[in-house]
J.: 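Have a look at the structure that comes next, please.
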Amino acid sequence: KFFSLGTIKESEEDILKKTKKLVLDSISKRLPEQKFGILFSGGLDSTVIAKACKDIGREFICYTAALEEKGMEDAPDLISAKKVAKELGFQLKIKKLSLDEVKEYLKIVVPLIEDNNVVKVGVALTFFAACELAKKDGIKVNVYFHPSILQIQSLNLEDKKRFALLDKNKSGKQAKEPKEKENVSKE
């Protein structure tokens, strides 16, 4: 026997209340001050983040992206995102991608993430498309949960050089990368 938890003197209800408060406080500390987007699949992680943001009283929009082609059923993530957003009263914006759009996004996303792993590219492509939709709405920060490091991450679309690709002009050339702010670390 390595250790003992001892006797728990609090009720299950009190433990749940304290845990919920700790989770909400933790999430609240990591949110931007301005209106933001949540990259939303309707899965456990994004749903918990969105529900917590709603409970805290923060203003946000959920964003998702999915392939849509004639004869194809909706992707499971899209079905889940629509269902959960409706049930919990979240505003959800969807970027529907054709196969031709996917081909064009691949030309951007694969070099951007410097990887051609199918799973990573699939996640990055929908992530990128959802961020692009958010940027069109004037959303500068998107929040997502990064399960591999158990952290809520924020993407500030103004400060990320890699997202200069979101500003591609019609000629297909990449927009100039934004100049670094003087007070921003160049790591």
Side-chain angles (χ1 to χ4, degrees), residues 1-67 73-96 113 115 117-135 137-160 163 184-185 187:
K1 189 172 180 180
F2 293 103
F3 63 90
S4 173
L5 293 176
T7 305
I8 299 174
K9 296 176 184 175
E10 296 175 277
S11 71
E12 184 176 337
E13 185 177 331
D14 287 341
I15 292 170
L16 288 172
K17 282 180 185 176
K18 284 182 181 179
T19 302
K20 182 178 180 179
K21 182 182 179 335
L22 289 170
V23 169
L24 292 177
D25 288 349
S26 177
I27 291 170
S28 184
K29 283 188 222 178
R30 288 158 177 81
L31 296 175
E33 293 299 318
Q34 74 267 31
K35 184 175 182 178
F36 56 91
I38 295 178
L39 300 176
F40 191 73
S41 68
L44 180 63
D45 298 337
S46 62
T47 300
V48 167
I49 297 297
K51 178 70 168 91
C53 291
K54 185 175 180 179
D55 289 351
I56 294 167
R58 299 302 303 275
E59 187 178 359
F60 64 92
I61 300 172
C62 293
Y63 292 92
T64 194
L67 179 64
E73 294 181 15
D74 281 346
D77 277 1
L78 180 57
I79 293 167
S80 181
K82 286 178 177 179
K83 180 182 177 192
V84 171
K86 183 177 180 181
E87 287 178 9
L88 297 177
F90 303 149
Q91 181 181 359
L92 176 64
K93 292 202 173 183
I94 302 164
K95 171 78 174 176
K96 293 187 177 181
I113 66 169
D115 199 330
N117 175 282
V118 174
V119 173
K120 290 179 182 178
V121 170
V123 170
L125 192 144
T126 55
F127 186 99
F128 186 89
C131 285
E132 189 174 51
L133 182 58
K135 187 168 183 180
D137 286 345
I139 299 292
K140 297 183 185 339
V141 178
N142 286 299
V143 174
Y144 65 100
F145 183 75
H146 196 294
S148 66
I149 56 173
L150 300 174
Q151 278 190 338
I152 297 168
Q153 300 289 308
S154 292
L155 276 179
N156 186 328
L157 298 181
E158 289 184 325
D159 292 342
K160 298 287 183 180
F163 282 89
V184 175
S185 170
E187 293 178 5

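We count residues from 1, following the sequence as given.
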J.: May I have the step-by-step check of side chain to side chain contact (heavy atoms under 4.5 Å, CB included) for V143 and R30, ending in yes or no?
T.: CA-CA 9 Å; V143 174; R30 288 158 177 81; over 6 Å; no
J.: Which label fits F36 and F60: parallel for a plane angle under 30°, tilted from 30 to 60°, or perpendicular past 60°?
T.: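 It falls in the parallel class, under 30°.
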J.: Restricting to non-hydrogen atoms, name the atom on Q34 and the atom on R58 that form the minimum distance, rounded to 0.1 Å.
T.: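 Looking at all heavy atoms of both residues, the shortest contact is O-NH2, 4.0 Å.
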J.: Would you call D25 and K29 a salt bridge, taking side-chain N to carboxylate O under 4.0 Å as the test?
T.: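 Salt bridge absent between D25 and K29.
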J.: Verify the neighbour count for atom CG of L22: are there more than 12 heavy atoms of other residues, nucleotides or ligands below 6.0 Å?
T.: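 More than 12 within 6.0 Å, yes.
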J.: Taking C-beta and beyond as the side chain, do D77 and T126 meet within less than 4.5 Å on heavy atoms?
T.: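 In short, these two side chains do not touch, never coming nearer than 4.5 Å.
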J.: Please report the interatomic distance OG1(T64) to NZ(K82), rounded to the nearest 0.5 Å.
T.: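 One finds 10.0 Å between OG1 of T64 and NZ of K82.
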J.: To the nearest 0.5 Å, tell me how far D14 CG sits from I8 CD1.
T.: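 With rounding to 0.5 Å, CG (D14) is 12.0 Å from CD1 (I8).
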J.: Is any side-chain heavy atom of Y63 less than 4.5 Å from a side-chain heavy atom of D137?
T.: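 Result yes, sub-4.5 Å side-chain heavy-atom pair found.
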J.: Looking at OG1 of T19 and CD of E12, how far apart are the two atoms once the value is rounded to the nearest 0.5 Å?
T.: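 One finds 10.0 Å between OG1 of T19 and CD of E12.
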J.: Would you give the length of the straight line joining atom CZ of F90 to atom CG of L88, rounded to the nearest 0.5 angstrom?
T.: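 Going from CZ on F90 over to CG on L88, the span is 4.5 Å.
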J.: Is K35 atom NZ crowded by more than 12 heavy atoms from other residues, nucleotides or ligands, each under 6.0 Å away?
T.: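 Above 12, so yes.
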J.: Considering all heavy atoms of both residues, which atom of D115 and which atom of V121 are nearest to each other, and what is their separation?
T.: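 The pair with the smallest heavy-atom distance is O-CG2, 3.5 Å.
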J.: Taking C-beta and beyond as the side chain, do S46 and L39 meet within less than 4.5 Å on heavy atoms?
T.: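 The answer is no; the side chains never approach within 4.5 Å.
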J.: Identify the two heavy atoms, one from A65 and one from A129, that lie closest to each other, and give their separation to 0.1 Å.
T.: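 Here A65 and A129 meet closest at CB-CB, 3.7 Å.
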J.: Give, for atom SG of C131 and atom CD1 of I139, the distance between the pair rounded to the nearest 0.5 Å.
T.: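 It is 11.0 Å, given to the nearest 0.5 Å.
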J.: Any donor-acceptor pair under 3.5 Å linking the side chain of K120 with the backbone of I113?
T.: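 Such a contact is absent between K120 side chain and I113 backbone.
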J.: The test is salt bridge (charged side-chain N to carboxylate O under 4.0 Å, His left out); show your working for D55 and K51 and say whether it passes.
T.: CA-CA 6 Å; D55 289 351; K51 178 70 168 91; 2.7 Å; yes
J.: C62 and A50: which non-hydrogen atoms are nearest, and at how many Å?
T.: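 Minimum heavy-atom separation between C62 and A50: SG-CB, 4.2 Å.
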J.: Roughly how far, to the nearest 0.5 Å, is the CG atom of L31 from the OG atom of S26?
T.: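 Between S26 OG and L31 CG, I get 9.5 Å after rounding to 0.5 Å.
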J.: May I ask you to check whether over 12 heavy atoms, not counting those of E13, lie within 6.0 Å of atom CD?
T.: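 Atom CD in E13 is not packed in, count stays at 12 or less.
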